[in-house]
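A quick note: this is a predicted structure, and the numbers were derived from the prediction, not measured. Atoms within a ligand are numbered from 1 in the order they appear, just like the ligands themselves.
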Amino acid sequence: MRVEGIETPRRILLVFPRYTSSFGTWEYAYPLTDGIKAFMPPQGLLVIASYLPESWQVRFVDENLRPATEDDFEWAEAVFVSGMHIQRQQMNDICRRAHGFDLPVAIGGPSVSACPDYYPSFDYLHVGELGDATDQLIARLAQDTSRPPEQVVLTTKDRVAMSDFPVPAYELADVKKYLLSSVQYSSGCPYQCEFCDIPGLYGRNPRLKTPQQIIAELDKMRECGIGDTVYFVDDNFIGNRKAALDLLPHLIEWQKKHGYVTKLACEATLNIAKRPEILEKMREAAFVTIFCGIETPDPEALKAMQKDHNMMVGILEGVHTINSYGMEVVSGIILGLDTDKPGTVDALLKFIDESKIPLLTINLLQALPKTPLWDRLAREGRLIHDDGRDSNVNFKMPYDDVVSAWKRCMELAYEPSRLFARYLHQCEYTHKQRLKVPVSPEMKSWKNIRRGLVMLRNIVWKVGVLGPYKREFWKFALGRLRHGDIEGLIGSVLIGHHLIMFARAASSGRQNASNYSLRLRDAQVPAE
Ligand code: SF4
């Protein structure tokens, strides 16, 4: 649905802020591709674009692809911005630039919803999800596009049901420039892990779209030329197991109809390993990756962070079960927990080798507002507000020891031979468990073959000839070539190269130890 009853035409500029370099920005992988420049198109702004009145013109700029220009600001009558905490400085910078053109600027999305006081310069704060606050914002701008004399805070009390969400305006995004496409089926998670802000922001009872909406979104993505992999950005794909089971047959049918050219990925709790009926259907729907927040292999630590559900099945056993359905596991890991000991990093490295998980996002603990962790640390006087640090937590172990442990962990986990050993397992075991699908005309199209050849050429030249770990690369690459596994070679090296290069930068202190840290970000983009 879109908002109705507004006739006044308006021109709205939607700007998504740039990310500065971090583990999840994948910038070392992009030069190996055929022109990819950014991670995922932003769902939130594209949904807003579809929700605005029909008579309103919309221009969308993702500053990860190009900066908003003078022409964009001159064209616009109002600017909308959205983003996460890590983009805070950049969001404030967009606001400053828009104010240079005397435009009213509204901010929505997860960061302002959790921390409105981070954004004192914006004219409109949209706190919460799509709903009555959105309607009020639209009504105000329909009446008047001058800047209000003081900040106006609009808070959603009545949310638009997800089953009424419009299809995101994927047509506005330059879709071929993204590594992944995204879709959202549900919002919210029934668990309450101590560090996580999802239950506080989006609730514990997952709200849902209908399977028909998801199929319409996938169809639209195909029309817009969206590429290989679609990521379900749901907080927990099995937050409502029945809903997951309702959706999967529709995805299977959609994949059959389109020749399985799209791979699927999602985030889910590790206890999905106890649900063979879900895993089997995910295999049939061509899910190839699940991100699981394993966080730590230490049971005592899992208990302390209220993540006991990770122990419903042995962690290594759970990872193996998921692999046996053809899906790679990507894992979140946290260092700096109260339960960490001097031997934690060694135990973690042992777990990484044994689990054979190639890609782990290893972060320092950060307390996010609206989490039980934030409240506890505030009570204990252990929150540190100092952007010069990599974390706002006063760890139980000395800060320098924790940061050194993180650097050591990054260096060893992404040592090339160690990483390629893990990828080899995925190629030789996990990938072989996947559904055997016939090669469709789209898969063997010249466009597809050309794309593969461009990536292969870039990989051979930039990693195999010019790269800093040639020996390990060729050992892995020749093995894959001997098996005719070009897909495994390209997929592993593309991501693996980023991991290796990022880890080298991290262990030498040139990267932050937390995706939330502002330490290196201040210098790059001045806030207003
Ligand atoms: S299971 Fe995941 S999404 Fe749910 S509360 Fe825990 S960390 Fe957050």
Aromatic plane relationship, Y414 with F23 - under 30° parallel, 30 to 60° tilted, over 60° perpendicular: tilted
Mutual orientation of the aromatic rings belonging to F122 and Y119 [parallel < 30°, tilted 30-60°, perpendicular > 60°]: perpendicular
Side chain Q213, main chain T210, donor-acceptor under 3.5 Å: yes
Y124/F80 under ring-ring contact (aromatic ring centres under 6.0 Å, His included): CA gap, chis, key distance, verdict: CA-CA 9 Å; Y124 293 101; F80 287 10; 8.6 Å; no
Counterpart residues, salt bridge (charged side-chain N to carboxylate O under 4.0 Å, His left out), relative to E253 (two or more places apart): K256
H126 and its side-chain contact (heavy atoms from CB on, under 4.5 Å) partner, picked from V81, V153, V112, T156: T156
Residue and atom names of protein N/O/S atoms that fall under 2.8 Å from atom 6 (Fe) of ligand 1: C193 SG
